[in-house]
Structure formats: C-alpha cells, structure tokens
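Quick notes on the structure that follows.
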Amino acid sequence: MKTDNKRRWNFKLTWPLHVMILPGIILVILFSYLPMFGLVMAFQDFQPHLGFFESDWIGFENFRLMFEYPDAKQVIWNTLLIAILKMIAHLIVPFTFALLLNEVRKQFFKRMVQTFVYLPHFLSWVILGGIMLDMLSTDGGLVNQVIGWFGLEPIFFLGDGDWFRFTVIVSDVWKDFGFSTIIFLAALSGVNPESYEAAVIDGANRWQQTWSITIPAMIPIAVVVATLSLGSILNAGFDQIFNLYNPLVYDKGDIIDTYVYRVGLIGGDFGFGTAVGVFKSLVSLLLIVISYRLAYKLANYRIF
Amino acid sequence: MTRILKKRLATVLSSIICLSMISACSPSGNEGKTEEPAQQSTENVIVDGKFKDTVTMNIARQMTADVTFQKGEDINNNPHEKWVKDKFNIDFNYVWTADSSSIDTKVRLMLSANEELPDIMQFRGSQDVADALIDSGKFMEVGELFEQYAGETWKQAMAEDPSVWNPYTRDGKRYGVPILDYAYNNDPVLWIRDDWMKKFNLEAPKNIEELEAMMDVFANQDPDGNGKKDTVGLAVGFKDGMKTWGPADSGFLFGAYGTMTNQWNLNEEGKLEYGSVQPEAKEVLAKLQDWMKKGYIHKEAGLQDAGKALELFAAGRAGIVTSPYWSAGWVLPGVKEVDPNAEYSPYPLPAGPDGSIGRGQSLTSNGVILINKDFEHPEAFFLYADYLFENQGKPGSDLEYGLAEGYDYLMRDGQPVWSADEFPEDKPFVPVPKYTLLFDGARIPSQMMKTMYDLAGGKEPETTAEKKASTDLPGTIKAGGVNYEQREFAMPNMFNGSVTKTMKKRWDFLFQMEKETFNKIIYGDLPIDAFDSFTEQWKSSGGETITAEVNEWYESVQVK
C-alpha cells in the first residue's frame, strides 16, 4: 500500500522526464523496430514491384538454399575463421600493449604513443584499401622492398589466399588495437596505488608486481571484452574485405557480408540476401545472450 | 518558487521537443498533385503541326541531377515548356518529379498502392521497375504509333541498334519508346606510346601476333630507358571481370578470337550464348597465361580494376592500353607529367588469327517513355519528339543552334556562342535539352562519333554538332574517328531484359566462379584445361537453365 502510494507520487513528479524520453523511444521504434518488418522477405520469393503483401510465400526455402549452395558454405566458414582470429588478436594485442604502455614512466611519451596508435581507427577502409594496395604491391611496394632487403622473395599479400587472410587480420588489428587499448588503460588507472606500495614493502620486484597486481586487475575487463565480442562472431568486417578482395582470393576471403551485398543488392535477390542476414542476426543474438550470462558469471559484469 | 518555475520549464521544454518530433514524423501530405482532366475533344486535329485545341499532357519524370534552371524557373515554367505550348499547343504539366535515387521506390509504391499513373512516364530507373510498369497493363502499345508518326530521321536512328526495343517488347508488341543515347561512347580503341614505338622502329600492330611482338619489346627492352625492368606491354585490369566498363579492357582479345566475354552474343543459329563459356575464351586464356608468365601484363592485373590499371599507362609503366576515345582528356595525359616526351595516339584494335576483330559495345539506349492507355492524344508525344529529331541542329530550323536563345546558346554578331563562360552571370548557361521529354534532346546514336570521324578526316566544321565537337581536344577527335571506323566490330550485349529467375539465384555464384577460374588460369595456378571443367560446372550449376531463360526472353521480344 505504502509503496503503491509512493510510486504514484513519484510519477507525478517525474512525468516530464518520461515525456522527454518519448522522442528517443519514437525514434527507436521508427528506425529500429519498424524496419524489422522487412524480415518477412526472408520467407518470400520477394518481387519489388509486388511488395511484401503480394510476393509469394516460400517458407524456409531461402534458408535451405543457403546451406545447400557450396559457395554459401565456404563463405560461412571464411567468416567464422577470419572473425575468430580477429577476435583473438584483438584481445591479446591491446592487452599486451596496455601492459607495456603502463610501464612507461614519461607521461608525454605515453600520451604521444597512445594518440599515434589509435589514429588509424578513424581512417576509412576505402582510403586504407587504396594505400594498402600500393604498400603491399609486389612491384615496388614498401613492405615488399623491406622484405627484399633480407633477400627474400616478394610476397603476393593480396593475391594469395592464405596471405590474404593474414593481411586482413593484421591490418585490422593495426587499425583498431589503439582504440581497444584505451579500455584496458582505463582499467589500469583504476588500480589502487596502495597495492603497489604494499607490494614494494613486501619486496616484490616489477615483474612480480605485474604478475600479481596489474594482470589480475585487467582480467575482469578482458573477460568482458572477450565475451561481448562473441556477439559479433559473424562480423568479419565488410568495409575491409570489400575494399581488399579480388578474384584471386574469393575462395579464402569472401565473407557473409560481402556475399549478401552481392547476391542481395547487386543480384537483386532480396529474399535470399535477407535470409542470410537473418541467419547472421540470430546467431549473433544467441551468442550475445550466452556471452552476457558468461560475463555476469565470470566477471560479475552486467548492464541491466 | 524557483522549483515550480523549473518544473514548468521542464514541462514546456519537453512538450516542445515532443511536438517538433511529431510534426517532423508525420507525413507532410503535400505531394503537389494537381489533377486536371485531360482536354477532351473528339475533333481535336493537328493543323500545320499544331493541335487546334490545347492538349494537356500530365507527365511524371525522373529529374537527373544535371537538370539546372535559370533563376525563377522550374520544370513547369521554362523556355522549352513555353516553346512547346506555342509550337504544338501542347501543355506540359509535370504532376510529379523524382530524382534518380528515389524514382524506383516511388514508382514501386505507386504501383502497389494502385495510384493513378500520369499520361507520360519519363523513366530512366532500373529495368525491373520498367518491367513492373509495363506489366501493370496500364500503358499502351506504341509500336504502331511510332511507325505511323515517326519521321525518317527518327526511324533511322532507332534502326541503328534495333535491340533498344527489346526490353520494352512483350509478345512481339512494343510498349515503350526507348530513349536513344550516343553510341560507342565507352567502346575501346587501342592507345599506344608513339615515342616508344619510334624508339624501336615499330609499327602499330594489325594483329595479335604483332601486338605480342610489341609487348615483348615494351616489357623487356626498357622503353623508358631508366635501366630497370619496370614496364609492361599491355595494361589490363581483371578485378571486375575480363570486360570492363571501358578502360583497360581485355574484351578486345576475346573479340579477336570471335566471342565476347561477360555478355550474351547471338550465334549462327540465331540463339543467344554466354561468351565466357565458349571454346574461343579458352584460347584467349591460354594467351593471357602465357603473357602473364612472360611479364607482358602486370603481375597484379588480378587486383586491379579498370581505373587502377589505366593508371599504369598514365604512370608511364605500360606501353599499350585499350580505353574509350575520351581518355585523351582524362587519365592518359597524366603520362606527360611523368615523362614530358611521352607521345601517344589512338589506333584500331588488332585482329585475331582468323582476321576477326571485336569489342564490347556500350549501350545505345538510356531510358524509356511510357504512354498511359487512357491518354487521349498519344500522337502528341510523337509529334513533339519527331520535330526534335527532324530539326535539332538542322540548318535553317528554329532549333539550329540550340533549343532556346539565351539559355543554351547566345547570338553574338550573328554567330552562335556555346561556351558557358560567355554567358552573363545573372542568366547563366543551362542545359535546355535536358528539359525535353527525351532526357538529352534528340540524340542520334552514331552522330557523335560520325562527327568526330568527319572532323578527324579534315572536314571544316559547318553544322552545329560539328562546331561544338571541334572544340574538343585533337586527341579525342582522332580517337573518336578511329572508334567510328571500327563500329562494325562492336558487339552488343544481346540480353538487355531484366534478370531472369535463375539468374537472380545463381548469377553471383556463376560470375564469381568465372572470375576466379579465369584469374587462376591466367596466374598459372590452374592449368588451361580447368576451363573445360569450369564450363561443365557453369552449365550444371544453373548456367544451362539461365541460357534457356535468356533465349526464351529473346524469342519473346522478336517482333513478328
């Protein structure tokens, strides 16, 4: 009875706040929920001039085809492989880098390095794609010149399937590790300095301090980052692949997003494109739910 | 007090935000639709090329981004619209316009909502939307009207490439008037470095054999004299397929062996066949594999698209490239910055072992006019369009120099001026031909290249078209002439309908497989014989069905 009273009174006081949130809700409904109606295309033989209401319903035909086509299977496998390798690299590299940067004593140098490594994050893959094509060229490209100094044969980075995957992962990490480093550095700044002081009194050297204080302090945030990135396990990076791939590496480099783009938008098979997109979203949703539970269990991290 | 004030403020603010949101989200509802009943008069006849009573034509048109107006004018109020009223007593009434990015959606929505369609639909969107419009059954057959009202000039222009009718033909009947554009615009000619040729006493190659000899010299004998082996013979890009949209194209090689890749060709039996799976393609791939091995083509050709490959020539690293005539003004001149002594000219494409020459042909049609079944005076459109075809640029006509004085040309001392720089600032040059129902005025497909050919042959510019063309770069004109000379070798893509059912499902896979196999063969990762298993797989993975569908379509568009 009492709580009930309180609630009503609260609402009287806070209703302007509720009204203020309304535009945000309307926007989300308008631009995030209403378009979901388009998902019905996945179950139709969608014809643009017939629209959602008159196109023929074909049930799960599009999904069946997806697992039947040899190219679709290859594409799913490529996506998983590239995305998982990217995930692992995106965890290890920023983690190590933050650890190293944390040991730097000169503030100026630390800040400068930090800025430098996270600058590439803001470059578009369209531009980087062009730059990389030149830099990785077997014909006078910077990277292959350096390789040449060691007396090695030039490597056809973008034209050889396995090297292509390697290039994609390394360049993606190069572009974004600076940004992820910030998260780890933030975690480190939260460590109580007294822990280190106490450790010094106990006679711990630098290595022992790192091992017993710094790393344990970073583990929870690393778990959060890792589990949350599980949700994007089927995102292998459309912009990047699209700007770098070519006929020589289709078998090793084609991913779900580029495939959907070609089949759905270029080829005009909207139904099939949507089906692949829905499949991707469902897998992502499932993994996000699982990873959220994991993050809660392992690192006591929760949003709600 | 302040607390109450704060609360009030919050209330007011939030309601303002809310209101503005709502008003922004609700449909504005002013589509600018004016519904005027078409003038109806059973006795409205054409006297001296003019209607007795005013004919109101309700038009919907696609406004391409290049349609600009002088101050205070718009599509419903401009010199062309007034001229049409005076000349033919036809009232152009644009009921709605849409830009190129939204026309498809707009038409789809109109069709699905069963809205009333305009008398004249001026459309330049995607083919499947054009199909939807025609298949809605609301537009009339125009083939007979065209035969009846079109004059010689227009008929001949249409006859230059009869396949322009195909996308709008159903069961042998024509349901749309194709908009003609200048032909051969992106057809390639061969560009060669003249200074390199001179250095080694070479002549322009007439066949593939001579081309090979020349490539060998360019690739191995250091034509740029920098002491490094950093040049290739031919610049080609394979990233987007063997035949590009224009520059750095290798389609001409397939042409020399008698087929054309990435498109549908008419074979001797009168059927359409896909060029890339014909046995001739195998010979070309064998050649390219050999050339790749010998370094005649760049080892990253598979990574390069048309533009990137063209840069090789512009960077002075390649001696030969195929590219459209307009390349003389764009990209190719870059080579002069690298090497001030660089000289290059356009040459005809070389012939294959049995003497055949071929090149991909760019589209001759670019849009369509559809006429509503309920329109009282369909002949009004033909009267108007035919006048443009007969008179635009013709000496002695009121349209000799342009469509409207002070808009797309000026008269100065009795001489016409077309340069945009000469126009006064408050009344700038505007492209009046773009106001017409034909999108760019009356364009006779071969006219542009024909004009260049005449000028390249030393003809003094007389007509408006010639005078305008003569202001182009000499290299462009020369290349245009070369292009025109070889026009009989242009191979059009005979399939210009909308994608077929199986194409939609399987084309991406097939084309991807084609590009992958071709590139791997060229790079030597796969043996030449992989081509045979490729064609087998191509056929069994949907290619055969698609071929049947394409031929079924081709059958259906033949006018009996």
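So that the names make sense, note that chain A is the first sequence line, chain B the second, and so on, each numbered from 1.
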Point to revise | Nearest heavy atoms of B:Glu300 and A:Leu133, plus distance in Å | key: OE1-O, 4.5 Å
Check your understanding: What closest approach, in Å, do A:Pro247 and B:Gly302 show between heavy atoms, and which atom pair accounts for it?
Key ->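 Nearest pair, atom of A:Pro247 first, then B:Gly302: CD-O, 3.6 Å.
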Review point. B:Phe511 versus chain A, heavy atoms under 4.5 Å apart: side chain, backbone, both or neither?
Key: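 Interface part for B:Phe511: neither.
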Can you list, pair by pair, the side-chain donor-acceptor contacts under 3.5 Å of residues 74-85 of chain A, counting residues two or more places apart and other chains?
from	atom 1	to	atom 2	distance (Å)
A:Gln74	NE2	A:Asn78	OD1	3.1
A:Gln74	NE2	A:Asp251	O	2.8
A:Asn78	OD1	A:Arg165	NH2	2.8
A:Asn78	ND2	A:Asp251	O	3.1
A:Asn78	ND2	A:Asp254	O	3.0
A:Thr79	OG1	A:Val75	O	2.6
A:Thr79	OG1	A:Ile256	N	3.0

Is it true that, when you exclude [X] itself, more than 12 heavy atoms of the residues, nucleotides or ligands shown sit nearer than 6.0 Å to its [atom1]?
| X | atom1 | result |
| --- | --- | --- |
| A:Leu119 | CG | yes |
| B:Lys229 | NZ | yes |
| A:Tyr33 | OH | no |

Check your understanding: Which residues in residues 518-527 of chain B have any heavy atom lying under 4.5 Å from a heavy atom of chain A?
Key ->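 Against chain A, the residues of residues 518-527 of chain B that fall inside the cut-off (heavy atoms, under 4.5 Å) are B:Asn519, B:Lys520, B:Tyr523.
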Check your understanding: So which residues of residues 307-319 of chain B are in contact with chain A at a heavy-atom cut-off of under 4.5 Å?
Key -> B:Lys308, B:Arg317
Review point. Are B:Phe238 and A:Leu248 side-chain neighbours, meaning at least one heavy-atom pair lies under 4.5 Å?
Key: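 No, every pair of side-chain atoms sits at 4.5 Å or beyond.
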**Study point:** chain A interface, residue from B:Lys515, B:Gln512, B:Glu514 that has the most non-hydrogen pairs under 4.5 Å
**Key:**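 Result: the option with the highest number of such pairs is B:Gln512.
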Review point. Looking at B:Gln304, B:Arg506, B:Met503, B:Lys239, which one has more heavy-atom pairs under 4.5 Å with chain A than the rest?
Key: B:Arg506
Practice item. With a 4.5 Å heavy-atom cut-off (strictly below), which parts of residues 150-160 of chain A touch chain B? List them by number. Key: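 So the qualifying residues are A:Phe156, A:Leu158, A:Gly159.
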Revision key, fill the gap. Turns out that what part of A:Leu17 lies under 4.5 Å from chain B's heavy atoms comes down to neither
Practice item. Supply the atom-to-atom distance B:Lys299 NZ to A:Thr138 OG1, rounded to the nearest 0.5 angstrom. Key: 5.0 Å
